[in-house]
Amino acid sequence: MSEPTQFKPFVSPQTNMKEFSVKAIVMGCVMGCLFGAANVYLALKAGLTVSASIPIAVIAITIGRKLLKTTILENNIIQTTGSASESIASGVAFTLPGFLFLSMVNGQSVGANFFNYMTILILAIFGGLLGTLMMIPLRRSLIVKEHATLPYPEGTACASVLKAGEKGGDIARTAFVGLGVAMVYAFLQKVLHIIAETPDHVTKLTNKYFPAAKVSGEITPEYLGVGYIIGPRIAGTLVAGSVLSWLVFHPLLATLIHDQTVIAEQLVKLGYLKDVQTAGGPGGWNPVTHLFDDSADAIYRAYVRQVGAGAVAAGGFITLLKTIPTIITSFKESIGSIKNNKEGGTQLRTEKDLSLKIVLFGSLALIALIAFISMIPGNSIGSKLLLGVLVVIFGAFFVTVSSRIVGLIGTTNNPVSGMTIATVMSTCLVFISIGWSGKTYEPMVLVVGGMICIAAANAGATSQDLKTGFLVGATPRNQQIALFIGAIVSSLVIGITIKVLDKPTADMVAQGYSHAIGTDKFPGPQATLMATLIKGILSFNLDWQFVFVGVALAVVMELCGVNSLSFAIGVYLPLSTTLPIFCGGAIRGFVDWRKKRKGEVEAEDDLGKGNLFATGLVAGGALAGVIVALLIAGSESVAASLQKINLKHSLEEALGVDIYKLLGVIAFALMGLMLYRIAMKKHDEIKV
């Protein structure tokens, strides 16, 4: 099969232009570190991430082209290097914190010792390299030969940004305005605490008509931006799941369970509470009165999160099953591409990939490193060799699957969770078949699942980058090297960010928490799910009745035509997370409706002013959260200084708690109004 000759990239193959330069790599690494940290923060808080490619491309054409005099190909290398951070951050945050939630031995998870910086760093690098490595032989087949049939939407949009920057324009300005607004808002909220962080209203357990119902919202700029980006349909599905949990399940369970000691005993069973004689834990258990300070939170932890875990598992599997035809086609194409790559002939610059020998020897080296590195869990070199073989086998399969899926429906809709669940369960079955069962093998299963999650996510992002390069006329080999560099450098910061965010505050320590991840501050829904599945299969110590209720719930949603995975994530997450996301989605829906009524041809797209401003809100809000966490964790004196300028208690005393919360809601509404007004403007209307 001959490659298509009619396509002409923006930069011709014969053009000699600067591309793989030191300034491009350095700037790409800096952007990767920033967006990697922001996406880790967002993944742990909301179970969601946002694409880094387009924002980095926007920054590249602003800073790179105007200040560093970079070419379009150098700008492409900047976004390629930086975009690796997004996928690695999501893969790491969605799985590796699961080490903390495995079976308990002597009051500590069997995987807690592996939740250290070096292990996280090694697994992040290995997973990132595997995702890019396995994409090398697939580029010709999926990116080049199927150019007309696989659109790779984010990659195409990113190429449009780079072309627009080359031709001239000021699309970056809106994103920077959003970044500035988010940073100012975050300073007022997270440092001075003038703006309330999570306004809420809870009905009492003794309420006759609607007990233990809770409405709350973590009114941050990043959630507003995420909601706008994902749109009203997904945002609405997410909040619907949370409404079912907090306004249906909670009041129902509170009505049926009159003795709160039963809830406390369930929390003890799950490891959230030491025993019923010990105060603290989720909801604030009081062993004297046998009551919870926040019964809604206690019920959520004891029962509803397990229902959500079952729903997420089922939703992931359903999504994966729906892509089986794509999986089969992708696997056949991958085999065909390897055969076709053996064809000889003179190669143009735009056709040069890294050698297939790198793929072969790189895979073998990966297996060897997994076997001999002591930080990776395993009872012996032989057992860890099996881990390495499973990682490479599952990696080759799911990288192919991931690439083709994102080519059709985009990175946002890539069912990486489903692939990871399938990997985890398959690995568990392999272990059981050879007699490996019990708590000691749980961390080993998580290693395989974590690396495949990272690899599959990175393969999707790599595919979009290679599509961008194909459209603008980049050299594939340079992009592949840049992706390797970006994966390694961003992993350094991602590991640090996770460990910093995991440090509990003084209030958490007082409640008996030793880790911030797993609390309401950083729920880490996917990581908890992975740990739950591993424990359930290997040790059979799981409340299957709640899990199966969640499975049935996901099936019901799918039969109703609702995206079961999005709904399931909403069931699992607190309403405080999904409600502000829904606000952003609602604004997006209203903007699209108004534009259609005004007769504008296109609704809001990736390059629209609203999307760019929302991207700035996400980046600014998430980065501010990371910065504050770093300051608090880095120095007790800094933490004390920040506490001194905390105006929350003063404002609550002066205004009253309810008025203080209301002012926070008004501030959030004003930011939403600003987002709406900017989204309604045309590209030539820049002033805010």
Exercise for review: Using side-chain contact (heavy atoms from CB on, under 4.5 Å) as the criterion, list what pairs up with S109, not counting sequence neighbours.
Suggested key: L102, M104, A112
Study note, to complete from the structure: Of all heavy-atom pairs linking T95 and A527, the shortest is O-CB, 3.9 Å
Review point. Which distance, rounded to the nearest 0.5 Å, do you find between the CG of L617 and the CD of E222?
Key: 9.0 Å
Point to revise | Shortest non-hydrogen separation from G395 to I452 and the atoms involved | key: N-CD1, 3.4 Å
Exercise for review: To the nearest 0.5 Å, tell me how far L575 CG sits from I581 CD1.
Suggested key: 10.5 Å
Review point. Would you find more than 12 non-hydrogen atoms of other residues, nucleotides or ligands less than 6.0 Å from F126 atom CZ?
Key: yes
Check your understanding: Taking the side chain as C-beta and beyond, is there a heavy-atom pair between V215 and W246 under 4.5 Å?
Key -> no
**Study point:** S566 and T237 side chains, donor-acceptor separation under 3.5 Å
**Key:** no
Point to revise | N/O donor-acceptor pair under 3.5 Å between S245 side chain and V571 backbone | key: yes
Check your understanding: Are M134 and V392 close enough that some pair of their side-chain heavy atoms sits under 4.5 Å apart?
Key -> yes
**Study point:** Any residue meeting side-chain contact (heavy atoms from CB on, under 4.5 Å) with L96, in chain and number order, not counting sequence neighbours
**Key:** V92, F99, I120, L123
**Study point:** Distance (rounded to the nearest 0.5 Å) between D502 CG and H515 NE2
**Key:** 5.5 Å
Review point. Does some side-chain heavy atom of T427 sit less than 4.5 Å from a side-chain heavy atom of T423?
Key: yes
**Study point:** Distance, nearest 0.5 Å, that separates CD1 of I534 from CE of M444
**Key:** 11.5 Å
Review point. For F431, what residues pass the ring-ring contact (aromatic ring centres under 6.0 Å, His included) criterion, not counting sequence neighbours?
Key: W436
Practice item. Report the residues that fulfil side-chain hydrogen bond (donor to acceptor under 3.5 Å, both in side chains) with S83, sequence neighbours left out, ordered by chain and then residue number. Key: D465
Point to revise | Non-neighbouring partners of S295 that pass side-chain hydrogen bond (donor to acceptor under 3.5 Å, both in side chains), sequence neighbours left out | key: none
Review point. Side chains of I219 and E197: closer than 4.5 Å at any heavy-atom pair?
Key: no
Review point. Cut-off 3.5 Å, side chains only: do N458 and S87 have a donor facing an acceptor?
Key: yes
Exercise for review: Tell me, please, which residues at least two apart from S426 pass side-chain contact (heavy atoms from CB on, under 4.5 Å).
Suggested key: F394
Point to revise | Pairwise side-chain contact, V556 with C560, heavy-atom cut-off 4.5 Å (strictly under) | key: yes
Practice item. Please identify each residue that fulfils ring-ring contact (aromatic ring centres under 6.0 Å, His included) with F292, with sequence neighbours left out. Key: W285
Revision key, fill the gap. Residues at least two apart in sequence or cross-chain that pass side-chain hydrogen bond (donor to acceptor under 3.5 Å, both in side chains) with S463, listed by chain then number, are S403
Review point. Mind checking what makes side-chain hydrogen bond (donor to acceptor under 3.5 Å, both in side chains) contact with D294, not counting sequence neighbours?
Key: K214
**Study point:** Heavy-atom side-chain contact between I263 and Y303 under 4.5 Å
**Key:** yes
Point to revise | Partners meeting side-chain contact (heavy atoms from CB on, under 4.5 Å) with F210 (sequence neighbours left out) | key: N207, A213, L247, P251
Check your understanding: Step by step, would you call M530 with F101 a side-chain contact (heavy atoms from CB on, under 4.5 Å)?
Key -> CA-CA 9 Å; M530 300 307 163; F101 313 129; over 6 Å; no
Point to revise | Those residues that, when tested against F548, pass ring-ring contact (aromatic ring centres under 6.0 Å, His included) (two or more places apart) | key: W544
Review point. Can N39 and S85 be counted as having a side-chain donor-acceptor contact under 3.5 angstrom?
Key: no
Check your understanding: Side chains of N611 and R588: is there a donor and an acceptor less than 3.5 Å apart?
Key -> yes
Point to revise | Pairing residues for F249 by the ring-ring contact (aromatic ring centres under 6.0 Å, His included) criterion, not counting sequence neighbours | key: none
